[in-house]
2 protein chains.
Amino acid sequence: MKENECPLYSSKIMLSIGDALEAVNGKWRIKIIAALLDEPKRFKQISNLIDGITDRMLSIELKKLEINLLVQRTSKYSSQAEYELTDHGRSLKPLIMELMNWGKLHREKVIGKQEVL
Amino acid sequence: MKENECPLYSSKIMLSIGDALEAVNGKWRIKIIAALLDEPKRFKQISNLIDGITDRMLSIELKKLEINLLVQRTSKYSSQAEYELTDHGRSLKPLIMELMNWGKLHREKVIGKQEVL
DNA sequence: CCGCATCCGCTATGATACTG
DNA sequence: CAGTATCATAGCGGATGCGG
């Protein structure tokens, strides 16, 4: 039975979706990963790329990403730490691409036409 | 300039990601869409497919999905309403597939190996 | 300047009971 | 069956300020 053809609402599927959401959900984590997709960056660089994020949230979310083995912190010296994606983190790239494309589409279709959400 | 080659952290990209996340974020909305991917369903059917969701949350999230034009409610009679995805909602299918596959991978790689998050 | 901790309000989510 | 109303609460996220 091919995975992609089996009932979309099976509980195994829901479980997988739940797992993925847990690792990645919230306002910031996807954006942090997107910011790191091309190359390792330092705290402040990431912070500058993500509009609206506070140091506090960036710090917290980076930690969660480390726990989930998506981001690896390479502390050279103190105050010189760099953050980079693990291979596993990089495996999110297709997902992020999809999200990006869909977001563009969604903006065109829905946002702006109704001024809400 | 090809979209997939341009800097991943450009603010336009971040904006798209933000738009997508807004439409879809939270614990439940992706799962609700997944539950509706194959065919229209009624309130209770959806609720039964999504482990842990309460009537209250399902009601609230369905409303948000309607506002974002992802789900359409076809009220036949009262107490016989059906929910189905709009075309726009269906356009999330590749994203959900990606999420699902990645979630499976993530569970194998990370969850269970460390019992956390 | 870099990252993190404390304090705190607010929003998202939950439990439960109720209505048509 | 298909929701809504009320109440409670954990965690998110912002402001600010501390310690390298």
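Each chain gets a letter, A, B and so on, in the order its sequence line appears, and its residues count up from 1.
Side-chain N/O atoms of A:Asn68 and B:His106 include a donor and acceptor closer than 3.5 Å.
Nucleotide D:dT4 holds its P atom 14 Å from the NZ atom of B:Lys44, rounded to whole Å. One interatomic measurement links the two molecules: CD of A:Gln45 to P of C:dC1, which rounds to 15 Å at whole-angstrom precision. Summarising the geometry, the separation between CD on A:Glu22 and C1' on C:dA12 is reported as 16 Å, rounded to the nearest angstrom. Atom pair B:Lys41:NZ and D:dA2:P shows a separation of 13 Å (rounding to whole Å applied). One interatomic measurement links the two molecules: CZ of A:Arg42 to P of D:dG20, which rounds to 20 Å at whole-angstrom precision.
Of the side-chain N and O atoms in A:Tyr83, none sit less than 4.0 angstrom from OP1 or OP2 of C:dC2.
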Protein proximity profile, nucleotides 13-20 of chain C - base contact B, sugar-phosphate-only contact S, no contact -, cut-off 4.0 Å on heavy atoms: BBB----B
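The main-chain N or O of B:Ala35 is found under 3.5 Å from a side-chain atom of B:Lys41 such that the two form a donor-acceptor pair. Of the possible polar contacts, one joining the A:Arg90 side chain to the A:Leu85 backbone as a donor-acceptor pair under 3.5 Å is found.
Shortest non-hydrogen contact noted between A:Thr86 and A:Leu69 is OG1-O, 2.7 Å. Of all heavy-atom pairs between B:Gly103 and A:Asp19, the closest is O-CB, 3.9 Å.
When each of B:Arg29, B:Lys31, B:Arg56 is checked for a side-chain hydrogen bond (donor to acceptor under 3.5 Å, both in side chains) with B:Glu61, only B:Arg29 meets the rule.
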